[in-house]
Amino acid sequence: MPSSARPSNFLADIIAADLAAGRNGGRVVTRFPPEPNGFLHVGHAKSILLNFGLARAFGGKVHLRFDDTNPTTEEVEYVESIQADVRWLAGDWARLTYASDFFEDMYRCAERLVSEGKAYVDSQPQEVIREQRGSFDRPGTASPFRDRPAAESLDLFRRMRAGEFADGACVLRARIDMAHPNVIMRDPLLYRIRHAHHHRTGDRWCIYPMYDYAHPLEDAFEGVTHSICTLEFESNRELYDWVLDALGPWDPRPRQYEFARLALGYTVLSKRKLLQLVGEKRVSGWDDPRMPTLAGLRRRGVTPEALRDFADLIGVAKNNSLVDIGKLEFALRADLEGRAPRALAVLRPLPLELTNWPAGRVEELTLPWWPGEPERGGSRPVPFGRDLLIEREDFAEEPPPGWRRLAPGREVRLAGAYRVRCDEVVRGPGGEPVALRGTVDLASLGPDAEKRGGGTVHWVHAGRSLPAEVRLYDRLFAVEQPDAEADFLQALNPGSLQRAPGARMEPALAAAAPGSRYQFLRLGYFFADPVDSRPGSPAWNRTITLKDTWARPAAPPGLRREPRARPAPPAGPASAGRSQADLLATDPAVSAYLQEAVAAGAAEPSASRWLVNELLGLARGTPLPALPLSGAGFGRFVSLVDAGKVTSAGAKTLLADLVAGGGEPAARLAALGLARVDDRAAVAAAVARALAAQGPQVERYRAGEKKLLGVLLGAAMRETGGTADAAVVRQALLEQLG
RNA sequence: UGAGGCGUCGUCUAACGGCAGGACCGCGGACUUUGGAUCCGCCGAUGAAGGUUCGAAUCCUUCCGCCUCAACCA
């Protein structure tokens with residue numbers, strides 16, 4: 001059951017690369033860092049499974065860490081429920097920690113920052129600080145306390161800790177840059193005063209660290225290597241790194257990575273909205289089976305395995321995406337299919353009297369719990385008799401085309417039992433059918449029975465079946481994106497909980513243990529509620545219906561999302577050549593570099609072409625002057641290419657080498673063996689070698705898959721090391737392929 | 001509009017300059033004592049334009065669209 005395959009996503013790639021490079025001494029430590037101020041939901045499940053999965057897949061460790069840096073919102077109850085939920089979902093962690101475990105260490109680090117002039121105590125009120133932060137397009141302004149002596153700040157900071165100031169009187173701020181383009185870096189707050197009782201440290205502290213300061217330190221203190229969080233923390237990463245760089249060195253030095261949090265259709269996942277649903281009693285509590293909380297899902301009957309399969313199904317990436325809730329439902333059905341024994345229950349009974357069955361005679365049929373897989377073993381007695389109950393929905397007076405259930409004069413199979421025919425409809429005062437009369441075909445049961453097509457219907461014995469509490473749950477919201485509504489509460493699905501007061505169960509179900517799961521034939525998967533079940537009388541929660549390919553009301557238009565409208569292409573063709581020229585002209589560093597290259601003898605057009613199309617990509621954001629390859633060196637490289645000393649393929653390899661390690665172009669060219677080869681015989685030999693190694697592909701190409709030419713050409717090019725001209729290689733290749 | 005991030009079948013996600021792959025959904029078929037399951041098949045995508053390259057989803061440029069950031073929350 002452990003997800004055997006190594007997860008495949010960009011984070012796994014990063015970790016694999018780190019391991020391959022020997023970083024962090026081969027350690028992998030991740031962490032799941034909830035704040036104990038709410039219940040975990042399916043979005044957290046994605047994160048938990050990611051962090052636990054990655055650590056396990058790479059032989060690492062995962063920590064469960066409570067990020068308890070804000071005593072005013074956090075409570076012990078939540079640390080209990082969170083631990084229970086995590087354990088239920090993912091099992092045990094290697095270490096349980098609390099941010100508050102590190103308060104003393106964090107404080108010492110803060111004193112160090114102050115002493116080194118990297119932090120100061122600001123004695124301004126909150127509103128002023130906020131105002132001074134500026135805005136996206138307006139730089140901030142410095143606090144008048146920004147340059148107060150370190151000794152004074154240190155004294156003040158110590159007195160903050162000592163409790164000499166009231167809440168809000170002053171804060172500790174990092175001294176970074178009030179004009180920083182990233183607003184988060186404009187002298188962020190590190191500590192604030194909170195005279196509040198902390199659930200773990202009690203009244204020992206009255207100053208508490210802010211997330212941006214505390215989090216990187218927690219990671220570093222714990223030896224976390226890969227600190228994985230969601231996309232909205234991307235801007236915070238710069239501060240994360242600042243804190244660690246200011247207080248290092250660290251081994252391992254934690255790195256923060258971000259992935260897209262889960263958004264799921266037909267539900268809400270924000271803490272605030274979930275709290276509101278509970279607070280306003282729109283649901284029965286955090287563990288209401290309609291809630292996306294882990295507690296709710298668990299009580300709905302969802303299994304950890306289904307959640308794991310779901311997580312594998314949706315993957316991990318940086319795209320903001322809205323996951324179709326159908327994927328959760330798919331994972332759920334797939335899991336339950338293999339673990340839920342089959343039983344008989346009728347939700348809305350319609351009596352059926354079999355007139356040719358002796359009154360009072362009851363036959364105890366022996367039905368396997370696993371009809372399709374008798375080898376799994378197990379069965380139970382199910383009473384059959386003259387008076388039965390079938391599902392109201394399984395009878396139609398005027399059956400539509402394709403109807404495979406009961407109708408006047410029609411015959412169906414009673415699941416696990418005999419075939420019956422409907423002879424007569426008994427009507428109520430309004431003419432509506434209230435009961436059916438029919439006949440049973442006694443020869444229709446058993447291995448020798450004639451096989452006839454038609455439908456199968458579920459049933460129970462009228463007198464021997466038992467009533468039971470049944471809750472039919474459906475999606476909590478009626479629209480796919482409640483968050484997009486003006487008032488998400490208006491989008492609540494009024495039918496998300498329905499009861500089936502007349503429901504009847506086969507007798508064996510009375511013994512079902514709370515927490516057990518059954519498939520009620522043709523109805524869905526049901527979970528015996530651990531809270532409301534009574535001995536001998538389980539209460540049933542419908543986890544999920546069976547997939548139904550019949551009753552679907554032909555794709556109601558509201559449920560289908562309109563295809564994304566494609567904007568019309570812009571009218572005027574923007575001259576790309578022109579914009580690239582702009583780039584060369586407007587960026588002084590780039591144009592200076594280019595000038596140097598030209599001064600070193602490179603032809604201007606090819607120099608700018610190589611610069612724009614290749615060098616910029618290779619540089620990966622590093623400013624040109626910082627490259628090991630000087631402008632002049634680049635110019636000599638371009639001259640080499642223009643002189644035909646190296647093919648364009650070889651030139652790319654050469655350039656990459658120069659950008660990575662510097663050196664003199666001509667010398668590196670020789671050292672790498674990239675000099676252009678014009679010997680046709682040598683090329684032909686290389687092509688032959690390449691083809692010999694590509695046997696299957698060659699076969700497929702000859703069999704008609706001409707698109708494989710690219711693959712073969714690529715292999716041939718690689719064989720020559722890029723020293724031969726592509727046109728020559730291509731020609732040789734074509735000749736040899738015939 | 002400052003900074004950062006993201007655009008691949010209806011949905012989610014692969015492809016790391018060389019065969020646009022998989023899954024969900026949908027559709028069709030086989031089988032069926034569950035209109036379930038199972039099996040088989042089909043449908044269907046690189047936001048746009050230009051450039052570099054023998055070859056571009058991938059590299060470069062511009063444009064378009066979406067998301068995040070201006071709590072003494074995390």
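All chains are named by letter (A, B, ...) in the order of the sequence lines, taking the proteins before the strands, and each is independently numbered beginning at 1.
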Item to complete: Look at the side chain of A:N37 and the base of B:C73, then say whether one donor and one acceptor between them are separated by less than 3.5 Å.
Response: no
Practice prompt. For B:U32 and B:G36, measure between their P atoms and round to the nearest Å.
Written response: 14 Å
Worksheet entry | Under 5.5 Å and under 30°: A:F136 stacked on B:C69 | yes
Worksheet item: Using a cut-off of 4.0 Å on non-hydrogen atoms, how would the nucleic acid contact of A:D725 be classed: base, sugar-phosphate, or nothing?
Response: nothing
Discussion item. Does A:G372 reach a base, just sugar-phosphate, or nothing at all? Heavy atoms under 4.0 Å.
Written reply: nothing
Fill in: Side-chain N,O (A:N320) to OP1/OP2 (B:C66) below 4.0 Å
no
Item to complete: Go through the N and O atoms of the side chain of A:R130 and the base of B:C72, and report whether any donor-acceptor pair is under 3.5 Å.
Response: no
Discussion item. Within the 4.0 Å heavy-atom criterion, would you say A:R718 contacts the bases, only the backbone, or no part of the nucleic acid?
Written reply: base
Worksheet item: Contact class for A:M210 (heavy atom, under 4.0 Å): base, sugar-phosphate, or nothing?
Response: sugar-phosphate
Worksheet item: What pair of heavy atoms forms the shortest contact from A:L269 to A:H41, and how long is it?
Response: O-NE2, 3.0 Å
Discussion item. Please tell me if A:S321 has a side-chain N or O lying less than 4.0 Å from either OP1 or OP2 of B:U11.
Written reply: no
Worksheet item: Within the structure shown, what part of the strands sits under 4.0 Å from A:E232 by heavy-atom distance: base, sugar-phosphate, or nothing?
Response: sugar-phosphate
Item to complete: Using only side-chain N and O atoms of A:N236, determine if any of them is under 4.0 Å from OP1 or OP2 of B:U68.
Response: no
Discussion item. Donor-acceptor pair, distance only, cut-off 3.5 Å: does the side chain of A:D68 make one with the backbone of A:S100?
Written reply: yes
Worksheet item: Taking any strand in view, what nucleotide pairs with B:C59 in a Watson-Crick or G-U wobble way, both distances under 3.5 Å?
Response: B:G51
Fill in: Donor + acceptor pair across side chains of A:S235, A:N182 (<3.5 Å)
no
Discussion item. So A:G714, base contact, sugar-phosphate only, or nothing? Heavy-atom distance under 4.0 Å.
Written reply: base
Worksheet item: Checking all strands, does A:I184 fall into the base, sugar-phosphate, or nothing category for heavy-atom contacts under 4.0 angstrom?
Response: sugar-phosphate
Worksheet item: What is the nucleic acid contact for A:V316, judged by heavy atoms within less than 4.0 Å: base, sugar-phosphate only, or nothing?
Response: sugar-phosphate
Practice prompt. Between B:A56 and B:U13, how far apart are the P atoms? Round to whole Å, please.
Written response: 26 Å
Worksheet item: Under 4.0 Å between a side-chain N/O of A:N319 and OP1 or OP2 of B:U13, yes or no?
Response: yes
Practice prompt. Compute whether any side-chain donor of one residue and acceptor of the other, for A:R342 and A:H458, lie under 3.5 angstrom apart.
Written response: no
Worksheet entry | P atoms of B:A48 and B:U53, separation to the nearest Å | 23 Å
Discussion item. What I want to check is whether an N or O donor and acceptor connect the side chain of A:R419 with the base of B:U33 at under 3.5 Å.
Written reply: no
Discussion item. As a quick check of understanding, evaluate side-chain hydrogen bond (donor to acceptor under 3.5 Å, both in side chains) for A:Y211 and A:N236, giving each step before the final call.
Written reply: CA-CA 10 Å; A:Y211 168 87; A:N236 302 59; over 6 Å; no
Discussion item. Would B:A49 be called syn or anti here, given the cut-off of 90° from 0?
Written reply: anti
Discussion item. I'd like to know if A:Q519 reaches the base of B:U34 with its side chain such that a donor and an acceptor end up less than 3.5 angstrom apart.
Written reply: yes
Worksheet item: Using purine N1 to pyrimidine N3 plus N6-O4 or O6-N4 for Watson-Crick, or N1-O2 and O6-N3 for G-U wobble, each under 3.5 Å, what pairs with B:C27?
Response: B:G41
Worksheet item: Do A:F526 and A:Y518 make the cut of ring centroids closer than 6.0 angstrom?
Response: no
Item to complete: Could you work out the separation of B:A57 and B:U1 based on their C1' atoms and round it to a whole Å?
Response: 31 Å
Worksheet item: Checking all strands, does A:A727 fall into the base, sugar-phosphate, or nothing category for heavy-atom contacts under 4.0 angstrom?
Response: nothing
Discussion item. Which is more 5' along RNA chain B, the nucleotide nearest A:T456 or the one nearest A:L713? Just name the residue.
Written reply: A:T456
Item to complete: Searching all strands shown, indicate the nucleotide that pairs with B:U34 (Watson-Crick or G-U wobble; both distances under 3.5 Å).
Response: none
Worksheet, complete the sentence: Any strand, both distances under 3.5 Å, Watson-Crick or G-U wobble: B:G7 pairs with B:C64
Discussion item. On the nucleotide B:A37, are OP1 or OP2 found under 4.0 Å from the side-chain N or O atoms that A:R333 carries?
Written reply: no
Worksheet item: Can a side chain N or O of A:S8 be found less than 4.0 Å away from OP1 or OP2 on B:A14?
Response: no
Discussion item. Of the listed nucleotides (B:C73, B:G26, B:G18), which one gets closest to any side-chain atom of A:E35?
Written reply: B:C73
Worksheet item: For the residue pair A:V316 and A:L50, what are the closest heavy atoms and their distance?
Response: CG2-CG, 3.9 Å
Item to complete: Write down the distance separating the C1' atoms in B:G4 and B:C19, rounded off to the nearest Å.
Response: 36 Å
Practice prompt. Pick base, sugar-phosphate or nothing for A:Q126, based on heavy-atom distances below 4.0 Å to the nucleic acid.
Written response: base
Worksheet entry | Any A:T73 side-chain nitrogen or oxygen under 4.0 Å from OP1 or OP2 of B:A74 | no
Worksheet item: Are A:R133 and B:C72 close enough that a side-chain N or O sits under 4.0 Å from OP1 or OP2?
Response: yes
Practice prompt. Check if the side chain of A:R138 and the base of B:G2 share a donor-acceptor pair of N or O atoms closer than 3.5 Å.
Written response: no
Practice prompt. Would you classify A:G265 as touching base, sugar-phosphate or nothing, given that sugar-phosphate means primed atoms plus P, OP1 and OP2, and contacts are heavy atoms under 4.0 Å?
Written response: nothing
Discussion item. For the residue pair A:S135 / A:D137, report whether a side-chain donor-acceptor contact shorter than 3.5 Å exists.
Written reply: yes
Worksheet item: What distance, rounded to whole Å, do you find between the two P atoms, one in B:C59 and one in B:A23?
Response: 27 Å
Item to complete: Look at the side-chain N and O atoms of A:R192 and state whether any lies under 4.0 Å from the OP1 or OP2 oxygen of B:A74.
Response: yes
Worksheet item: Does A:R609 place a side-chain N or O at less than 4.0 Å from the phosphate oxygens OP1/OP2 of B:U53?
Response: yes
Response to the item:
Of A:P125 and A:I314, the one whose nearest nucleotide on RNA chain B sits closer to the 5' end is A:I314
Discussion item. I'd like the P distance from B:A30 over to B:C66, given in whole Å.
Written reply: 47 Å
Worksheet item: Roughly how far apart, to the nearest Å, are B:G2 and B:U62 at atom P?
Response: 14 Å
Worksheet item: Can you tell me the Watson-Crick or wobble partner of B:C12, both distances under 3.5 angstrom?
Response: B:G22
Fill in: Polar side-chain contact A:N613-B:G51 base: donor and acceptor under 3.5 Å
yes
Worksheet item: Does a distance-only test, which skips hydrogens and angles, find a donor-acceptor pair under 3.5 Å between the side chain of A:K652 and the base of B:G17?
Response: yes
Worksheet item: Do A:E480 and A:Y266 have side-chain N/O donor and acceptor atoms under 3.5 Å apart?
Response: no
Worksheet item: Between B:A20 and A:K707, is there an OP1 or OP2 to side-chain N/O distance shorter than 4.0 Å?
Response: yes
Worksheet entry | Donor-acceptor side-chain pairing of A:E35 and A:Y78 below 3.5 angstrom | no
